Amino acid sequence: MLELKNVKKSFGKNKILKGVDINVNKGDVVVILGPSGSGKTTLLRTINFLERADSGTMIFDGKTYDMKKAGKKDVNFIRKNTAFVFQNYCLFNNKTVLQNVTEGLIVGRKVPKAEAEEKARAALEKVGMLEYADYYPSKLSGGMQQRVGIARAVAVSPDIILFDEPTSALDPELVGDVLKVIKKLAKEDITMIVVTHEMSFAEDVANKVIFMADGVVVEEGTPDEIFYRPKEERTKQFLSRIIPMDNYVI
Amino acid sequence: MRFQIQYLFKYFFKILPYLKVTIEYAGLSLLFGLIFGSILATFKLQKNKVLKYFGVVYTAIFRSVPPVVLLFLVYYGLPQLVLNLFGIDIQNEEKILYVIITISILSMVSLSEVIRSAYISIDKGQYEAAISTGLLPVQAMIRIVIPQMIYVALPSIGNIVIYLIKEGSLGFTIGLVDVFGKANSLNQNSYSNYILEIYVALALIYWFSSIILERALKLIEKRVSFGR
């Protein structure tokens with residue numbers, strides 16, 4: 001349903017993506033792991049055209065796009081059918097929680113207000129934030145804001161949700177709530193790509209794990225394969241650094 | 001001479017109607033200043049070197065010219081320039097026009113700086129979130145970024161308005177009759193016999209205008225504070 005081929009991106013002389021291929025099927029929960037600077041976030045951003053790839057092909061919903069040259073219409077179409085959850089939430093500070101969720105429906109998709117609000121309330125209910133519908137983001141904790149961010153993504157019924165390190169800006173005690181919400185969505189067969197450092201979450205939820213380093217995909221497979229039987233030296237190195245030895249056999 | 005309070009009141013009400021002129025040039029200068037200041041701010045935020053350089057040089061030139069010098073340049077220079085370039089004679093236009101042009105040029109510089117820093121202060125992520133949720137870039141600016149910029153910029157804009165009201169009083173040097181021009185001519189007509197009464201009355205008028213302006217700003221600020 002989403003396929004990327006040979007995606008490349010540089011910032012100045014710095015080559016961030018050196019030809020990345022990934023393939024996501026409907027209902028997949030794909031977790032992308034990797035050390036910082038490996039290009040995970042940039043890859044995710046090129047999918048939503050928040051970053052323009054220098055070259056690469058995207059096949060989305062059966063249509064092929066040139067990621068460098070895609071025009072405004074194509075870009076807007078892809079953005080409307082994907083949703084992005086940001087590391088630092090990026091809620092609209094001038095809108096209430098409810099308006100944050102309805103904005104993309106009413107303005108972006110011309111959904112009538114009443115219908116949009118109904119959908120928004122359902123999405124907020126799902127993430128446990130309905131009672132805060134009339135609050136402004138500045139009154140909410142980070143974990144609450146991120147749950148609203150997720151509701152904003154879910155409400156537009158996208159084909160795929162892109163999570164960019166959704167919990168890494170949160171206090172440790174708030175991480176659990178947000179992960180719980182994402183797990184719930186995963187069980188509903190919503191397709192998603194999650195960039196994260198939460199290993200146990202990846203193991204529980206993902207049906208595919210991609211390990212990236214230095215702008216390329218080093219290895220991909222089921223969580224079992226990647227966590228317990230990694231083939232590549234680079235993967236083993238990375239895992240040994242972040243997972244306590246006694247829990248995993250490497 | 002003794003200060004006579006009844007003359008203070010008399011002159012206060014004689015000068016007050018001319019506040020209309022002051023409001024006119026302050027309002028119009030603010031409007032033009034905001035329009036051209038936004039354009040100048042966009043220039044300065046560009047990656048394009050030529051536009052950016054233009055913005056920076058423009059700011060540097062006009063920030064360093066004293067307002068009264070600029071007013072004279074506009075008043076005496078502009079009609080000649082327009083006559084030579086377009087063959088149109090604007091010599092007999094109303095004096096307020098030159099004051100508005102001068103203060104617009106000046107306020108445009110400070111407003112562009114205010115607008116530029118307000119834009120920078122809004123986290124770029126909100127704009128990205130808006131376009132990724134399906135808004136067009138222009139919708140993202142109008143609905144998400146600009147309302148928040150207003151909140152950030154409002155206090156500075158208030159200061160600039162008060163400043164340009166005061167700068168406008170220089171209009172008397174080219175014969176504009178605003179509150180200051182009127183006070184000045186009243187003083188001359190009374191051979192400076194009531195000089196204190198007249199200028200205290202004038203100061204009070206400026207003072208009251210500032211208070212009203214500040215109140216108005218507070219009201220607007222409340223409207224765009226979004227729960228903060």
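Quick caveat: nothing in here was measured; it's all calculated off a predicted structure. In what follows, every heavy atom counts, from backbone to side chain, and hydrogens, waters and symmetry copies are set aside. Below, read A as the first sequence line, B as the second, and so on, with proteins coming before strands; counting in each chain starts at 1.
In this structure, A/E117 pairs ionically with A/K113, as a charged nitrogen and a carboxylate oxygen lie closer than 4.0 Å. For the pair B/E113 and B/K44, the salt-bridge criterion is met [side-chain N within less than 4.0 Å of a carboxylate O].
Two residues are said to be in side-chain contact when any heavy atoms from C-beta on lie closer than 4.5 Å; A/E198 and A/V31 fail this criterion. Residues A/E103 and B/I144 meet the side-chain proximity criterion, which asks for heavy atoms closer than 4.5 Å.
Annotation: maximal heavy-atom pairing with chain B below 4.5 Å, among A/Y89, A/F92, A/Y135, A/F84, occurs at A/F92. Heavy-atom pairs under 4.5 Å with chain A peak, among B/V224, B/T133, B/V145, at B/T133. Here A/C90 is the residue among A/C90, A/G108, A/G149, A/P137 with the most heavy-atom pairs under 4.5 Å with chain B. Of the listed residues A/K80, A/K139, A/Q87, the one with more heavy-atom pairs under 4.5 angstrom with chain B than any other is A/K139.
Contacts between A/F86 and chain B at a heavy-atom distance below 4.5 Å involve the side chain alone, from C-beta outward. Interface remark: A/L105 contributes no atoms to any contact with chain B (heavy atom separation under 4.5 Å). Residue B/I122: no heavy atom, backbone or side chain, is found under 4.5 Å from chain A. Of the atoms belonging to A/N88, it is side-chain heavy atoms, and not backbone ones, that fall under 4.5 Å from chain B. Residue A/V107 touches chain B through both its backbone and its side chain, counting heavy-atom pairs closer than 4.5 Å. Looking at A/T96, there are no atoms closer than 4.5 Å to chain B (heavy atoms on both sides), in backbone or side chain. For chain A, the nearby parts of B/E128 are the backbone and the side chain; heavy atoms of each come within less than 4.5 Å. Residue contact with chain B, scored on non-hydrogen atoms closer than 4.5 Å, involves the backbone and the side chain of A/N94 alike. Contact annotation for A/K72: neither backbone nor side-chain heavy atoms come within less than 4.5 Å of a heavy atom of chain B. Heavy-atom distances place both the backbone and the side chain of A/N93 under 4.5 Å from chain B.
Counting non-hydrogen atoms of neighbouring residues, nucleotides and ligands closer than 6.0 angstrom, the CZ atom of A/F11 exceeds 12 such neighbours. By the 6.0 Å contact criterion, NZ on A/K183 is enclosed, its count of non-hydrogen atoms from other residues, nucleotides or ligands being greater than 12.
Note: A/D54 CG to A/S10 OG = 5.0 Å, rounded to the nearest 0.5 Å.
Between A/R152 and the choices A/V85, A/V127, A/N100, A/L124, the side-chain contact (heavy atoms from CB on, under 4.5 Å) rule is met once, by A/N100.
Classification of the B/F43-B/F54 ring pair by plane angle, with boundaries at 30° and 60°, yields perpendicular.
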